[in-house]
Structures are given as C-alpha cells and as structure tokens.
Amino acid sequence: QVQLVESGGGLVQAGGSLSLSCAASGRSFSSYAMGWFRQAPGKEREFVATISRSGDDTYYAESVKGRFTISRDNAKNTVYLQMNSLIPEDTAVYYCAAEDGGEVAGLDYEYDLWGQGTQVTVSS
C-alpha cells in the first residue's frame, strides 16, 4: 500500500511560482497514475492535473493549463506539481492522489489513496 506525503506549499505573491512534491512510500508507486487536486475554502475539491504511471500522458484542468506542470520520478517515488504565474484563485489546499489503474484520471472518485494536503496561498 502506498502512502502519500505532500510538501512545498506556502505563501507566494501573485505572478510567483511554487513547486509541490508528493513523496510516496511503498514499492508499487510506479504502477499508479498520480493526480493533484485542490480545495479552496467553501468550495468542492477540484481536479488540477494527472499523470500516467509511465509519465507519458498528462492531463490538466483548463484553469491551470499552460501554468502548471505535473511530472514524476519513479526512481524517487515522487510526483511534482510546478506552478507558475500563480493567481489568488489558485489559493487552496492541494492534495496528491494515487489511482491504481495506472492511466490518467480526472475524477476524484477514481483515486484510491490520498495525501494529507499542503496549503498554497497566493496573495494579490
């Protein structure tokens, strides 16, 4: 069973960048597709980005396309989310998640495992 721990959140000014990491324990990380989701106060959790188990396929929410990049390093059991050109609307708790089917997945119910989340705050 894979366990997920996010890091890298913080406070940044609009226009700035942050890089999130999600470290996975367990030996089966490379068999999972990985995703990032976020939840802002008073809002439902929403999809941000996903990457297939091989890293060959990625998919992004329209709201972050062109600004965020998801990547993974299976040798390090880590998935990353590089966030550029941040805007205040990106403020949320960001969660990484693992999906055991191995292919990109954009719906939260498709994911089997979740991290505890990391706060990202973008000031205007």
Side-chain angles (χ1 to χ4, degrees):
Q1 179 107 349
V2 171
Q3 292 183 321
L4 307 173
V5 179
E6 302 95 334
S7 61
L11 174 64
V12 64
Q13 288 189 331
S17 298
L18 277 177
S19 181
L20 304 183
S21 299
C22 175
S25 63
R27 292 177 290 180
S28 57
F29 174 77
S30 60
S31 68
Y32 287 85
M34 299 297 296
W36 286 96
F37 290 76
R38 66 187 183 187
Q39 187 167 20
K43 295 187 177 181
E44 293 189 353
R45 185 167 58 192
E46 65 173 357
F47 166 76
V48 175
T50 179
I51 188 166
S52 63
R53 58 188 170 189
S54 67
D56 290 342
D57 295 320
T58 59
Y59 181 70
Y60 297 90
E62 286 297 322
S63 60
V64 306
K65 195 175 293 184
R67 300 188 297 123
F68 291 10
T69 302
I70 189 171
S71 61
R72 67 189 297 161
D73 186 337
N74 286 343
K76 295 183 178 180
N77 281 11
T78 302
V79 62
Y80 305 96
L81 186 68
Q82 177 64 42
M83 305 185 294
N84 299 327
S85 302
L86 285 160
I87 59 178
E89 290 75 14
D90 294 320
T91 295
V93 176
Y94 283 70
Y95 299 90
C96 73
E99 188 274 337
D100 67 6
E103 302 305 322
V104 292
L107 301 172
D108 59 1
Y109 66 77
E110 297 180 275
Y111 286 81
D112 306 283
L113 303 167
W114 293 83
Q116 83 290 346
T118 186
Q119 177 71 47
V120 171
T121 303
V122 184
S123 63
S124 57

- Item | Sequence-distant partners of Q82, side-chain contact (heavy atoms from CB on, under 4.5 Å), two or more places apart | S17, S19, T69, N84
- Message: Is there a path of hydrophobic side-chain contacts, each under 4.5 Å between heavy atoms, that joins M83 and Y60?
- Response: yes
- L4 side, atom CG; Y95 side, atom OH - distance, nearest 0.5 Å: 13.0 Å
- Message: Please say yes or no: joined through hydrophobic side-chain contacts below 4.5 Å, possibly via intermediate residues, are F47 and L20 part of one cluster?
- Response: no
- Query: When you measure from the side chain of D112 to the backbone N and O of D100, does any donor-acceptor pair fall under 3.5 Å?
  - Reply: yes
- Rounded to the nearest 0.5 angstrom, the CG-OG distance for N74 and S30 is 5.0 Å
- Message: Using every non-hydrogen atom in the two residues, find where R53 and G101 come nearest and quote the distance to one decimal.
- Response: NH1-O, 4.1 Å
- Looking at side-chain heavy atoms only, is the closest gap between E110 and T50 below 4.5 Å? no
- Looking only at atom types and distance, does a side-chain atom of S21 sit under 3.5 Å from a main-chain N or O of Y80, one as donor and one as acceptor? no
- When you measure from the centre of the six-membered ring of F29, is the NZ or CZ of R72 under 6.0 Å away and within 45° of the axis? yes
- Task: Consider only side-chain heavy atoms of I, L, V, M, F, W and Y, link residues closer than 4.5 Å, and tell whether L81 and V12 are in one cluster.
- Result: yes
- What closest approach, in Å, do E103 and S52 show between heavy atoms, and which atom pair accounts for it? OE1-CB, 4.3 Å
- Query: Distance from T118 atom OG1 to L18 atom CG, nearest 0.5 Å?
  - Reply: 9.0 Å
- Item | Plane angle bin for F37 and Y111 - parallel if under 30°, tilted between 30 and 60°, otherwise perpendicular | perpendicular
- Do Y59 and W36 share a hydrophobic cluster (ILVMFWY, side-chain heavy atoms under 4.5 Å, transitive)? no
- Item | pair Q119-T91: side-chain heavy atoms closer than 4.5 Å | yes
- Task: Among residues two or more places apart or on two chains, list those pairs meeting side-chain hydrogen bond (donor to acceptor under 3.5 Å, both in side chains) that have a residue in residues 3-14.
- Result: E6-Q116
- Between S124 and A14, what is the shortest heavy-atom contact and its length? CA-CB, 4.4 Å
- Message: Quick check on the hydrophobic clustering: are V48 and V79 connected, directly or via other members, by side-chain heavy-atom contacts under 4.5 Å?
- Response: yes
- Task: Would you mind reporting whether D90 and F68 have side-chain heavy atoms less than 4.5 Å apart?
- Result: yes
- Spatial distance of atom CD (E44) from atom CD (Q39) [nearest 0.5 Å]: 8.0 Å
- Message: Would you compute the distance between atom OG of S71 and atom CE of M34 and round it to the nearest 0.5 angstrom?
- Response: 11.5 Å
- Between I70 and T58, what is the shortest heavy-atom contact and its length? CG2-CG2, 3.7 Å
- Message: Measuring from atom OH of Y32 to atom CG of L113, what distance do you get when rounded to the nearest 0.5 angstrom?
- Response: 5.0 Å
- Query: Does NZ belonging to K65 count more than 12 external heavy atoms closer than 6.0 Å?
  - Reply: yes
